[in-house]
Amino acid sequence: MSLKALESKIVHCESCPRLRIHCQQIAKVKKREFKDDSYWGKPVPGFGDPKAQVLVIGLAPAAHGANRTGRMFTGDNSGLWLYRALYRAGFSNQERSLSWDDGLKLQKVYITAIARCAPPENKPTLEEMQSCSQYLKEEISELKEVRVFLVLGQIALKGLWRVLPEEVRPGRAIPRFIHGLQVPLKDGRLILCSYHPSQQNTFTKILTEPMFDQIFTTLKKRLDGK
Ligand code: SF4
């Protein structure tokens, strides 16, 4: 399946009734700040360079972020952090990501998530994540040039682990999540772990911009073969 066909399949997915109802309700009620916006309200497909060498994996769209704009990590604070860091590291043509048609282009990077629908309290259930994992699997098989999986947070690490074939995993157990942890896979690819740039982590300085930049420095060294 091509990425375009996959995108269309994701956008029309109705597999998780709880999440679909939640996303549509948010799109109807809106946040006062965005009352004049037309919310996307549908599942959010991945976004980026089809020749990506890096696959960034987040948790799920934010209610008034990607669920509003229709593009991963676009329109919320986590996205501000992520796209700023990508720009500083030379992976994008602009620092900000405001809407699906703002001209942003990623180079060598594709961004996706474990769940494609905004969940209540940012917590998809295990069943919902398992149901959505088919799409991550398909993206990985389409994005053939990916050499590094950058997982944002523990749930993203677990979600990626679940879809990786057993023969490429370095062991049976899921590695314990640590910021900066590198997990080499048996096929030469690498999992790199970072704290998620959520407000919960950035406001409390669990994740700072220098820490996040360091992740991208590590990532670039890996791509440069250093
Ligand atoms: S979370 Fe994934 S599987 Fe569930 S409805 Fe949304 S797109 Fe479909």
Side-chain angles (χ1 to χ4, degrees), residues 1-31 34 37-50 52 54-79 82 97 99-101 106 109-143 146 149-165 174 177 191 196-200:
M1 182 183 291
S2 69
L3 280 176
K4 269 273 157 242
L6 179 58
E7 192 174 304
S8 161
K9 194 170 155 190
I10 292 170
V11 168
H12 295 98
C13 181
E14 297 282 343
S15 298
C16 310
R18 182 185 83 114
L19 299 187
R20 295 306 320 120
I21 290 168
H22 183 65
C23 290
Q24 284 158 6
Q25 266 173 355
I26 291 166
K28 221 183 270 172
V29 176
K30 302 184 184 180
K31 195 178 188 181
F34 305 120
D37 287 19
S38 167
Y39 275 52
W40 173 253
K42 290 178 275 207
V44 181
F47 162 67
D49 184 351
V54 179
L55 182 61
V56 179
I57 307 173
L59 170 59
H64 303 282
N67 185 55
R68 173 174 59 88
T69 61
R71 190 169 73 192
M72 283 290 175
F73 278 92
T74 296
D76 61 21
N77 280 319
S78 302
L82 176 60
S97 173
S99 62
W100 66 269
D101 58 352
L106 297 180
V109 169
Y110 195 89
I111 302 179
T112 190
I114 297 299
R116 321 291 167 134
C117 295
E121 294 169 24
N122 283 328
K123 286 182 188 152
T125 64
L126 184 60
E127 291 71 31
E128 288 160 350
M129 289 189 281
Q130 279 170 342
S131 176
C132 212
S133 67
Q134 56 175 311
Y135 300 130
L136 179 59
K137 221 179 196 171
E138 288 180 53
E139 275 169 344
I140 292 172
S141 81
E142 273 308 310
L143 296 165
V146 166
F149 298 104
L150 173 57
V151 292
L152 302 178
Q154 184 165 211
I155 297 173
L157 172 63
K158 287 183 178 169
L160 171 64
W161 198 259
R162 275 196 297 270
V163 303
L164 287 174
I174 303 177
F177 180 89
I191 301 176
H196 191 289
S198 63
Q199 283 192 355
Q200 207 182 334

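Remember, it's 1-based here, ligands and their atoms both numbered in the order they're listed. In this text, all values refer to a predicted model and were calculated from it rather than measured experimentally. In this chain, numbering begins with 1 at the start of the sequence shown.
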Q) Has Trp161 got more than 12 heavy atoms of other residues, nucleotides or ligands less than 6.0 Å from its CH2? A) yes
Q. Atom 4 (Fe) of ligand 1 to Cys16: any N/O/S contact under 2.8 Å?
A.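 Cys16 does place an N, O or S atom closer than 2.8 Å to atom 4 (Fe) of ligand 1.
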**Q.** Pairwise distance CD(Gln134) to CD1(Ile10) - rounded to 0.5 angstrom
**A.**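 That separation rounds to 8.5 Å.
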Q.
How long is the straight-line distance from NZ of Lys123 back to CD1 of Ile155, given to the nearest 0.5 Å?
A.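 The distance works out to 9.0 Å.
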(Q) Using a 3.5 Å distance criterion without hydrogens, assess whether the side chain of Thr112 forms a donor-acceptor pair with backbone atoms of Gly46. (A) no
If the cut-off is 4.0 Å to any non-hydrogen atom of [X], which atoms of ligand 1 fall inside it?
X     : answer
Ser15 : 3 (S), 5 (S)
Arg20 : 5 (S)
Cys13 : 3 (S), 5 (S), 7 (S), 8 (Fe)
Leu19 : 1 (S)

Q) Do Arg18 and Thr125 come close enough that some side-chain heavy atom pair is under 4.5 Å? A) yes
Q) For His196 and Phe73, what are the C-alpha separation, side-chain angles and deciding distance, and is it a ring-ring contact (aromatic ring centres under 6.0 Å, His included)? A) CA-CA 11 Å; His196 191 289; Phe73 278 92; 5.6 Å; yes
Q) Does ligand 1 have an atom under 4.0 Å from some heavy atom of Glu128? A)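 Outside the 4.0 Å threshold, so no.
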Q: For atom 6 (Fe) of ligand 1, find the nearest protein heavy atom and state the residue, atom name and distance (0.1 Å precision).
A: Cys117 SG, 2.4 Å
**Q.** Nearest neighbour in protein (non-hydrogen) for atom 2 (Fe) of ligand 1
**A.** Cys132 SG, 2.3 Å
Q. Does Cys23 bring an N, O or S atom to within less than 2.8 Å of atom 6 (Fe) of ligand 1?
A.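 It does not: Cys23 brings no N, O or S atom closer than 2.8 Å to atom 6 (Fe) of ligand 1.
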Q. Could Lys42 and Trp40 be counted as a cation-pi pair, given that NZ or CZ must be under 6.0 Å from the ring centre and within 45° of the axis?
A.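 Lys42 over Trp40 ring: yes.
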